Visitor: 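Can you keep this structure in mind? I'll have questions shortly.
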Amino acid sequence: MEPRFLVAPPPDEATLLTRAQSLAGYTLGELAQQAGIVTPTDLRRDKGWVGMLLEMHLGASAGSKPERDFAHLGVELKTIPVDAQGRPLETTFVCVAPLTGNSGVTWQNSHVRHKLARVLWMPVEGDRALPLASRRVGAPLLWSPSPEEEDLLRRDWEELMDMIVLGQVERITARHGEVLQIRPKAANSKALTEGIGERGEPIMTLPRGFYLKKSFTAPLLARHFLL
DNA sequence: TTCTGATCATAG
DNA sequence: CTATGATCAGAA
């Protein structure tokens, strides 16, 4: 799909939130029609389609820049598929896990912390039994981690980064971490990137990414629905 | 049924 | 390959 600007970038956070709230209740088919793009049959070959569609409606920067969606506002946009009860159906990708060049990297200056400092969550019905075009957008949530949430994230990040730095990247599984996990993030299982081996030597290994577990995002969204 | 590892498209 | 956007689908 071709990235296009449907609306101008929002000048401030309040405008962004108002605009996001105005999308609630619409179906993806309606939003696609307004954007002048075709709704795919399913997401198997268009996994980022929903995210790109909402980016267009919210005036996020198009393309693949290594910046936040609303750089001038310091806000990151995340669409999250939810079930009929508003519970997340998938984990949430945060960013690629750096496997080398980590000297001097701390939680405070980490990519994970910066990406999650301010997030606009857009829940979207994600039940695969629902045709893509008839899935509805839910009420958005503009969020920053509470001190407790940030502490959970920091502890997992430190544990996982320790393993990477100590040459144990290939022993990391999705079971590590309470709320933040590391899983493959690649085109396929043949993709390789540089990492650190057991004896500190350079190795080629699968690229990994940080993901938020559903156990983290579920209460975050639930709290929102209670307010 | 849930979760972990694998995968898809596109731009640069 | 890396970064953007994530969901798929087989194994447990």
Side-chain angles (χ1 to χ4, degrees), chain A residues 1-6 28 31-32 35 37-71 75-85 87-102 110-112 114-116 119-132 135 137 156 160 169-195 202-218:
Chain A
M1 122 187 186
E2 293 278 319
R4 291 183 225 290
F5 284 106
L6 187 64
L28 297 182
L31 296 180
I37 61 174
V38 175
T39 305
T41 303
D42 57 57
L43 296 175
R44 278 181 296 184
R45 295 188 180 278
D46 296 272
K47 296 181 179 180
W49 186 81
V50 178
M52 299 298 279
L53 176 65
L54 294 185
E55 279 191 0
M56 288 190 287
H57 279 271
L58 294 172
S61 57
S64 57
K65 301 188 198 71
E67 292 180 336
R68 280 177 290 203
D69 300 289
F70 303 97
V75 175
E76 174 76 12
L77 172 66
K78 286 291 178 194
T79 60
I80 184 165
V82 297
D83 64 17
Q85 286 72 241
R87 288 189 49 93
L89 291 168
E90 292 287 348
T91 57
T92 303
F93 173 71
V94 179
C95 61
V96 170
L99 304 185
T100 60
N102 284 310
S110 68
H111 286 308
V112 172
H114 283 275
K115 280 269 184 179
L116 299 179
V119 178
L120 176 63
W121 297 97
M122 293 291 290
V124 176
E125 288 182 322
D127 184 341
R128 293 184 203 179
L130 286 174
L132 188 55
R135 297 182 193 176
V137 175
D156 284 346
L160 294 164
V169 61
E170 299 196 303
R171 284 175 44 182
I172 297 175
T173 75
R175 279 152 287 243
H176 287 90
E178 296 283 319
V179 299
L180 188 69
Q181 65 184 176
I182 281 183
R183 303 215 308 278
K185 168 61 175 173
N188 53 59
S189 59
K190 292 100 187 170
L192 295 174
T193 192
E194 190 176 327
I203 60 171
M204 295 307 283
T205 188
L206 201 54
R208 320 295 169 98
F210 283 109
Y211 295 80
L212 296 176
K213 292 188 178 182
K214 291 192 282 185
S215 59
F216 184 81
T217 51

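Sequence lines set the chain letters: A, B, ... in the order given, protein chains first and strands last, and positions in each chain run from 1. On a predicted model such as this, the values are computed, not experimentally measured, just so you know.
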Visitor: Is the number of heavy atoms from other residues, nucleotides or ligands under 6.0 Å of A:His111 NE2 greater than 12?
Guide: no
Visitor: Quick one, A:Leu116 and A:Leu212 - any side-chain contact, counting heavy atoms below 4.5 Å?
Guide: yes
Visitor: Please state whether the base of C:dG5 and the side chain of A:Lys78 form at least one donor-acceptor pair under 3.5 Å?
Guide: no
Visitor: Tell me what A:Val96 touches on the nucleic acid: a base, only sugar-phosphate, or nothing, going by heavy atoms under 4.0 Å.
Guide: sugar-phosphate
Visitor: In whole angstrom, what separates A:His111's NE2 from C:dA3's P?
Guide: 7 Å
Visitor: Heavy-atom distance under 4.5 Å between the side chains of A:Leu160 and A:His176, does that happen here?
Guide: yes
Visitor: At under 4.0 Å, does any side-chain N or O of A:Thr91 touch on OP1 or OP2 of B:dT4?
Guide: no
Visitor: If you define the side chain from C-beta out and look only at heavy atoms, does anything of A:Arg183 sit under 4.5 Å from A:Thr91?
Guide: yes
Visitor: When you compare the side chain of A:Leu28 with that of A:Val50, does any pair of heavy atoms fall below 4.5 Å?
Guide: yes
Visitor: Identify the pairs formed between an N or O of the protein and an N or O of nucleotides 1-3 of chain B at a distance under 3.5 Å, and give each distance.
Guide:
none

Visitor: In whole Å, what is the span from the CD1 atom of A:Ile172 to the P atom of B:dG5?
Guide: 11 Å
Visitor: Side chains of A:Ile182 and A:Phe210, heavy atoms from C-beta outward: is any pair under 4.5 Å?
Guide: yes
Visitor: Do you know the tightest heavy-atom contact between A:Arg208 and A:Val169?
Guide: NH1-O, 3.4 Å
Visitor: With axes from five pairs an end, tell me the bend angle of the helix from B:dT1-C:dA12 to B:dG12-C:dC1, nearest 10°.
Guide: 30°
Visitor: A:Asp42 CG to B:dT7 P: how many Å, rounded?
Guide: 18 Å
Visitor: Between A:Lys190 and A:Asp69, who's closer to the 5' end of DNA chain C by nearest nucleotide?
Guide: A:Lys190
Visitor: Between A:Arg183 and A:Cys95, which is nearer to the 5' end of DNA chain C once each is assigned its nearest nucleotide?
Guide: A:Cys95
Visitor: Evaluate A:Trp49 against A:Leu43 for side-chain contact (heavy atoms from CB on, under 4.5 Å), listing each step before the verdict.
Guide: CA-CA 7 Å; A:Trp49 186 81; A:Leu43 296 175; 4.0 Å; yes
Visitor: Specify the separation, in whole Å, of atom CG of A:Leu43 and atom P of B:dT7.
Guide: 19 Å
Visitor: Do A:Met52 and A:Ile37 have side chains that approach each other closer than 4.5 Å (heavy atoms only, starting at C-beta)?
Guide: no
Visitor: Using a cut-off of 4.0 Å on non-hydrogen atoms, how would the nucleic acid contact of A:Glu194 be classed: base, sugar-phosphate, or nothing?
Guide: nothing
Visitor: Under a 4.5 Å cut-off applied to non-hydrogen side-chain atoms, are A:Asp69 and A:Leu58 in contact?
Guide: no
Visitor: Nearest whole Å is fine: how far is B:dA6 P from A:Tyr211 OH?
Guide: 11 Å
Visitor: I'd like to know if A:Lys47 reaches the base of B:dT10 with its side chain, counting only an N/O donor and acceptor under 3.5 Å.
Guide: no
Visitor: Once you round it to whole Å, what is the distance between P of B:dA11 and CE of A:Met52?
Guide: 9 Å
Visitor: For C:dT2 and A:Thr193 - does any side-chain N or O of the residue sit under 4.0 Å from the phosphate oxygens OP1/OP2?
Guide: yes
Visitor: Could you tell me how far apart A:Arg45 (CZ) and C:dA6 (C1') are, to the nearest whole angstrom?
Guide: 15 Å
Visitor: How is A:Leu206 classified with respect to the nucleic acid when contacts are heavy atoms under 4.0 Å: base, sugar-phosphate, or nothing?
Guide: sugar-phosphate
Visitor: On DNA chain B, does the nearest nucleotide to A:Gln181 precede the nearest nucleotide to A:Lys185 from the 5' side, or the other way round? Give the residue.
Guide: A:Gln181
Visitor: With nearest nucleotide decided by heavy atoms, which residue, A:Ala186 or A:Glu90, maps closer to the 5′ end of DNA chain B?
Guide: A:Glu90
Visitor: A:Leu212 CG to C:dG5 P: how many Å, rounded?
Guide: 14 Å
